[in-house]
Each structure stands twice: as C-alpha cells, then as structure tokens.
Amino acid sequence: VEGSSFLFDGDISGPAITHFTQVPDGWDALIVTFIGAAEAQRAQIGWVDPADASYDQPGLLRDEYYPGDIGFDPLGIKPEDPEELDLMITKELQNGRLAMLAAAGFL
C-alpha cells in the first residue's frame, strides 16, 4: 500500500531525487558514517598506506589486490584458478553490458 512503511512512517514521498532530503535529522549522518566506514575499509584493503608509498606513486594499489575484490565471498563461488576467475569476470561484464542495452531499449 502506498504511503505505508515501517521506516519513517511512510512520510517520505514524491520524486526519488528528493527522498534523501526528507530523511529525518540524524539519519543522514548515520548513513554517511556507514558509507564512510565501508569506503575506509575498502581503501585499507586495496591501497598501500600513503606513508609507505613513494612520493611519485600516490594511490598505489597493493600487489595482491585485484580491483573490486575485497574478500567478500560468503557462498564460496569465487574460482581459485586465475584464468577461470578472469572468464567469470568477463561473463559478468558482458551480462552487465547486455542489461544496460536492454534498459536502454525500454527507455
């Protein structure tokens, strides 16, 4: 039913672009804090500490880091073989590209 929600009593309405500004005070700070914590953890996993990197290589990635791989695989479906992993990543990219074309077709 439109307008009924367990969160914020269904007070958030209208176009989606205005929803974040309608969130009650305090919640926006909580949301930003959680996003910041997730990004900080990702940065610690993927990037070399700036104090340990040379001056001419800011933003240096760790040697063992594969972009996008932060170790989250609760179902254990990530292949161990690097070639099979590359094949799976390529399939996912192609699937995403096809989905974007399909979405463009709907518009």
Side-chain angles (χ1 to χ4, degrees):
V1 177
E2 187 172 335
S4 64
S5 173
F6 69 94
L7 197 58
F8 311 124
D9 294 328
D11 291 338
I12 297 176
S13 62
I17 197 165
T18 65
H19 286 185
F20 191 72
T21 58
Q22 295 178 41
V23 173
D25 293 336
W27 282 95
D28 52 351
L30 184 66
I31 292 168
V32 169
T33 301
F34 279 125
I35 292 171
E39 289 295 325
Q41 181 184 8
R42 184 182 62 88
Q44 289 176 350
I45 291 171
W47 280 267
V48 174
D49 186 10
D52 298 334
S54 64
Y55 177 75
D56 61 340
Q57 291 184 322
L60 184 65
L61 289 176
R62 297 182 190 273
D63 291 333
E64 67 276 2
Y65 177 67
Y66 188 90
D69 183 13
I70 58 171
F72 183 76
D73 186 21
L75 299 177
I77 60 174
K78 177 183 169 189
E80 297 293 328
D81 182 29
E83 290 181 15
E84 191 174 336
L85 177 63
D86 286 340
L87 182 64
M88 181 183 226
I89 290 170
T90 301
K91 287 178 181 179
E92 286 293 324
L93 284 172
Q94 297 297 343
N95 184 31
R97 290 173 181 150
L98 182 63
M100 285 188 281
L101 285 173
F106 286 119
L107 300 176

*Ignoring hydrogens and angles, tell me if any N or O in the side chain of D73 forms a donor-acceptor pair with the backbone of I77 under 3.5 Å.*
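Present.
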*Side-chain (R62) to main-chain (I45) donor-acceptor, under 3.5 angstrom*: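 Side chain of R62 to backbone of I45: a pair is present.
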*Would you say F20 and F34 are hydrophobically clustered, going by side-chain heavy atoms of ILVMFWY under 4.5 Å?*
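No; F34 is not reachable from F20 via cluster members.
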*Co-membership, hydrophobic cluster, residues V32 and W27, 4.5 Å side-chain*: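 No, it is not one cluster - the side chains of V32 and W27 are not joined through contacts under 4.5 Å.
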Considering residues, nucleotides and ligands other than [X], do more than 12 of their heavy atoms fall under 6.0 Å from its [atom1]?
X   : atom1 : value
E80 : CD    : no
D56 : CG    : yes
I17 : CD1   : no

*Under the side-chain hydrogen bond (donor to acceptor under 3.5 Å, both in side chains) test, which residues partner D69, sequence neighbours left out?*
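Scan of D69 (side-chain hydrogen bond (donor to acceptor under 3.5 Å, both in side chains), adjacent residues dropped) gives K78.
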If you round to the nearest 0.5 Å, how far is [atom2] of [Y] from [atom1] of [X]?
X   : Y   : atom1 : atom2 : answer
T90 : N95 : OG1   : CG    : 12.5 Å
E39 : I35 : CD    : CD1   : 8.0 Å
Q41 : I70 : CD    : CD1   : 6.5 Å

*Taking all atoms of both residues into account, what is the closest heavy-atom pair of L61 and P67, and its distance?*
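Distance-wise, the nearest heavy atoms are CD1-CG, 4.3 Å.
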*Can you name the nearest heavy-atom pair linking P79 to M88, along with the distance?*
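Scanning both residues, the minimum pair turns out to be CD-SD, 3.4 Å.
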_A side-chain contact here means heavy atoms from C-beta on lying under 4.5 Å apart; do W47 and L60 qualify?_
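No; the side chains remain at least 4.5 Å from each other.
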*Any side-chain heavy atom of Q94 sitting closer than 4.5 Å to one from L98?*
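Of all side-chain heavy-atom pairs linking L98 with Q94, none is under 4.5 Å.
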*If a pair satisfies ring pair (Phe, Tyr, Trp, His ring centres under 6.0 Å) and one of its residues is in residues 66-107, list it, with sequence neighbours excluded.*
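Every pair satisfying ring pair (Phe, Tyr, Trp, His ring centres under 6.0 Å) with a residue in residues 66-107: there are none.
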*Can you list the steps and then say if Q22 with T18 is a side chain to side chain donor-acceptor pair (under 3.5 Å)?*
CA-CA 7 Å; Q22 295 178 41; T18 65; 3.0 Å; yes
